[in-house]
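Below, chains carry the letters A, B, ... as their sequence lines are ordered, and counting in each starts from 1. No hydrogens, no waters, no symmetry mates; every other heavy atom, side chains included, goes into these values.
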Amino acid sequence: MINEYNFKKVEAKWQKYWYDNNIFAAKEDPNKEKFYALIEFPYPSGSGLHVGHIRAFSSMEVIARKKRLEGYSVLFPIGYDAFGLPTENYALQTKQHPRVVTDNNIKMFEKQLKSVGYSFDWDRVVDTTDPSYYKWTQWIFIQLFKKGLAYKSKTLVNFCPDCKVVLANEESQGGICDRCGSEVVQKEKEVWFLKIRNYAESLLSGLPTVNFPDRIKTEQENWIGKSNGADVTFKIVSSKKTSPIVVYTTRPDTIYGVTFLVISPEHPILDEFGAEIENLDELKEYQAKAKLKKELERTQLNKDKTGLLLKGLYAVNPITGTTIPVFTADYVMMDYGTGAIMAVPAHDKRDWDFAKAYDLPIIEVIKSSLNVQEEPYVEKDEEGILVNSPLINGLTVPQAISKIIKEMARLHVGYPKTDYKMKDWAFNRQRYWGEPIPIINCPSCGQVPVQENELPLVLPDLKDISPTDDASSPLKKCVDWVNTTCPICGGPATRETDTMPQWAGSSWYFLRYMSPHDSEHLVNPNSYSYWGQVDWYNGGMEHVTRHLIYSRFWNQFLFDIGVVTHKEPYIRRSAQGLILGADGEKMSKSRGNVVNPDDVIKEYGADVLRLFILFIGDYEKPAAWSPDGIKGCQRFANRFWAAQKLITKDNIDTSDLNLDLLIKNVSDDYEAGKFNTAIAYLMTALNTIYSRGAATLHEINTIALLLNPVAPHITSEVFYNLNKSQITDAKYPVFDPAKIIADEIEIPVQIMGKLRARVLVPTGSNEETVMEAVKQTGCLEGKSVRKVIFVKDRIINIIAN
RNA sequence: GCCGUUGUGGCGGAAUAGGCAGACGCAAGGGACUUAAAAUCCCUCGAUGGCAACAUCGUGCCGGUUCAAGUCCGGCCAACGGCACCA
């Protein structure tokens, strides 16, 4: 009756059953508790599904299947984040329309995802490039614009000469293009920004309310980079005039240690003084050099400080009245703080380096054991005591900060200020394959949003989508589309031709899944009130400071305008580790260490792939693919299949396998995201049954149900064989807490902290009983007991000699 | 430089809350079955010594706390990830 396991036949059979019958359709069932499990939707690239995807998706797959068996109404959706450069570049190369490329890739992904047997609700697929979807992406942009949170600004942007796109700071870290690896140059351009900085505080204060791993919270906190300090106004004086200049400092207490002022080479005040700077030619030269310097060079650490003394100018310290020299130097950035600093070389490494290079005085104002002429003392020590600072001498650093800020305020020269490292979100691309920004430029009315009832503003069908060399969008070539009329005055106007960055569509897709077919609402209010927040969201660490922050920002904005009722979109977040090649290196075509899930499924089947990817190691840590390791999971699957033969109706002793404890261990581990140990418990249980040589139907059914979320095909088949009913209609096993404790327990016996014996005693035995058992082992022979440390049901340690 | 994570057998990795280090799996060695191989099943498997019972050592390094340390504390070293002239 039971033959060798034919995974090809069985997997195809169950996939057909699930997908033809919509077994996993999410229903808003008021009688059930809901559970929303979310995975980061994939970018449908031409290379198809990667084993990394399998790891990323399988955790929530297990949770979704488990929750369904437990009686929850589960929303476990899938979609495609399909706008973006790789598709566009591929379309250009192959002379196809990106729409065609995208549709083909999505088809391939769907086929692959189904071959893994994922329990997605295939009726809820969203595609960010579908006008019915990006209609709402554009709608959100318009709301942001109306609230003053979207603005156009002329700034230096990171331009990649290869991709011909303006990049967000996040995409050009270290001056290298995220996508192609070439060096980024600075270019001045009018671009759209979203004021994410307005939400910096809210994004920070939301973190304690969500269940994210600490490393993710820390990374987000560092990214937002809050600092408390003060804006302090110095005066810059030339022979002809005096101008105020504001510096930002986190150490206003060190004001008496200021020995010079440094201004960023891009600072507008330099133009203001212009000819009054005696060495203007040198300045111009220095500015030009600084501009040419690529981001990479400029941020390189341990680089010698360069700068230029501005002759003919001096600055006045607002507290001490002392006059100090003014420099410009490229170690001061225009885009942080105010673009100018008060330099305190005694207590700042960079200022100290600069002071040494330009032979400037160093004045100690915080007492320390260091000689500040030799090296700076940079600790912000709460206990540090101020010296050489008449108004605040003898105070601790926090006391001094508080007192000096009051004094600055009284003199109207300084005020407390909070600053953030996070910059506003550069919200634009000069490429074709993205959401058109729904703004019309009218010569008389200015920037006017497209009427909301005219959304979606559909991307025009363009023949030539190639980018232009001048950093403007290919949409500019589509004159018929660009020329339009102003919605306000009806006069001739032109459309914005920039498109949105790829992060736009992924910033709210979790909401669309709740009611993907609703044409009236971004999210249907009834659906939203049922599904609410995402209960558990899994994704990659690489998205922690971008997608995860952007989507929290948009959700908080939608909360503020009343579209959603939860401030935070995600209750819990986890992050899978990377799957590396068998050589321990990141998988890449050039290394030739890429594992294709299709090949694995062909050879071992989807269940074995799923088992192995979850068994491979700690889910949150990176793991190297092992072509040998997978065999263990294949054996386990086959042994589980063959265990059907061991089922007997005879009365057998099953005391060697505590099913209640197994249920608890496996289920707790699933919920904790410890899939590797959950599978290990199931392997152990099966080993127990094999060494016993017989099993009960109840045992095999229980293992089938516990294993079903990981290996759904084989367990569905076994369960159907044994019970003639669907496992998807069965109930997840529940354990009896009273039965997870064994009757007898083995207690290790230590003598002087060293393991000397083990004794078997009834669970809960007291010290006397255990000691009695210890004496019988004879390991105390000839020894006198001085002290006994006894931990019930755990250990006994005897101090004896 | 700052922040974070991680160092455990030949390998991937286990080890609530300080309580038997090495679960589970791979590889390896031996055996059974087989004409043979594969598959399957059984046994061994941290190091050193010993025929053996057993003993000693052993979780990156040095020190400490404790009856007891992979786990806690102090000081290092290495690898990975994030940020980075952020005032």
Side-chain angles (χ1 to χ4, degrees), chain A residues 4 173-174 213-223 225-227 229 247-251 254 262 264 298-303 305 329-333 335-344 347-351 353-354 378 419-423 541-542 544-545 577-578 584 611-612 615-618 620-636 638-639 642 665 668 672 674 676-687 690-691 693 746-758 786-791 793-800:
Chain A
E4 202 162 301
Q173 288 169 30
D214 285 342
R215 58 178 177 152
I216 291 181
K217 289 190 184 187
T218 310
E219 232 175 77
Q220 292 208 347
E221 272 165 22
N222 291 346
W223 184 261
K226 180 175 180 172
S227 75
V247 303
Y248 175 69
T249 177
T250 56
R251 297 298 302 275
T254 61
V262 190
S264 167
R298 190 161 164 174
T299 56
Q300 200 89 57
L301 197 71
N302 296 333
K303 183 177 66 69
K305 299 273 180 295
D330 61 8
Y331 81 90
V332 173
M333 305 290 141
D335 55 9
Y336 183 77
T338 60
I341 61 156
M342 55 179 230
V344 185
H347 305 294
D348 182 283
K349 179 75 168 71
R350 296 147 304 174
D351 297 346
D353 289 342
F354 194 82
V378 297
D419 209 344
Y420 304 91
K421 286 182 200 171
M422 182 172 66
K423 288 160 192 154
M541 278 308 283
E542 69 275 23
V544 163
T545 53
L578 222 56
L611 267 166
F612 182 58
F615 184 68
I616 198 166
D618 185 330
E620 305 245 320
K621 292 193 194 118
W625 182 263
S626 156
D628 282 329
I630 194 166
K631 288 179 189 153
C633 290
Q634 186 187 32
R635 280 180 201 138
F636 172 60
N638 289 334
R639 273 159 74 87
N665 286 339
D668 285 357
K674 293 164 70 175
N676 55 336
T677 49
I679 294 166
Y681 280 122
L682 289 166
M683 287 173 166
T684 309
L686 203 62
N687 289 347
Y690 265 82
S691 52
E746 196 180 63
I747 301 223
V749 180
Q750 292 184 347
I751 295 171
M752 302 295 286
K754 292 205 163 160
L755 183 72
R756 284 293 181 264
R758 295 185 177 89
R786 292 215 318 267
K787 192 179 169 191
V788 175
I789 293 107
F790 174 70
V791 184
D793 293 342
R794 271 243 125 100
I795 203 162
I796 185 160
N797 190 4
I798 297 157
I799 312 304

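Scanning for salt bridge (charged side-chain N to carboxylate O under 4.0 Å, His left out) contacts around A/E620 gives A/R215, with sequence neighbours left out. Partners of A/K621 under the side chain to side chain contact (heavy atoms under 4.5 Å, CB included) rule, at least two apart in sequence or in another chain, are A/D618. Residues passing the salt bridge (charged side-chain N to carboxylate O under 4.0 Å, His left out) test with A/D793: none are found, sequence neighbours excluded. Considering only residues two or more places apart in sequence or on other chains, A/D628 meets the side chain to side chain contact (heavy atoms under 4.5 Å, CB included) condition with A/S626, A/K631. Annotation: ring pair (Phe, Tyr, Trp, His ring centres under 6.0 Å) contacts of A/F612 (sequence neighbours excluded): A/W625. Checked against side chain to side chain donor-acceptor pair (under 3.5 Å), A/D348 has the following partners two or more places apart in sequence or in another chain: A/R350.
Consecutive pairing runs in RNA chain B reach the stem threshold at B:1-7 with B:77-83, B:10-12 with B:24-26, B:28-32 with B:40-44, B:46-49 with B:54-57, B:60-64 with B:72-76, where a stem means at least three Watson-Crick or G-U wobble pairs with distances under 3.5 Å.
Applying the 3.5 Å distance criterion, the base of B/rC85 shares no donor-acceptor pair with the side chain of A/K349.
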Kindly give the atom pairs (protein nitrogen or oxygen, nucleotide nitrogen or oxygen) under 3.5 Å for nucleotides 64-71 of chain B.
residue, atom, partner, partner atom, Å
B/rC67, O2', A/N797, ND2, 3.2
B/rC67, O2, A/N797, ND2, 2.5

Between the protein and nucleotides 54-60 of chain B, are there any N/O to N/O pairs under 3.5 Å, and if so, what are the atom names and distances?
residue, atom, partner, partner atom, Å
B/rC57, OP2, A/K754, NZ, 3.2

Which atom pairs link the protein and nucleotides 8-14 of chain B when you take only N or O atoms and keep those under 3.5 Å?
residue, atom, partner, partner atom, Å
B/rG12, O2', A/I616, O, 2.8
B/rA14, OP1, A/N676, ND2, 3.2

Any protein N or O atoms within reach of nucleotides 37-44 of chain B? Criterion: under 3.5 Å, listing atom names and distances.
residue, atom, partner, partner atom, Å
B/rC41, OP1, A/R639, NH1, 2.6

Could you list the donor-acceptor pairs under 3.5 angstrom formed by side chains in residues 751-758 of chain A, with sequence neighbours left out?
none

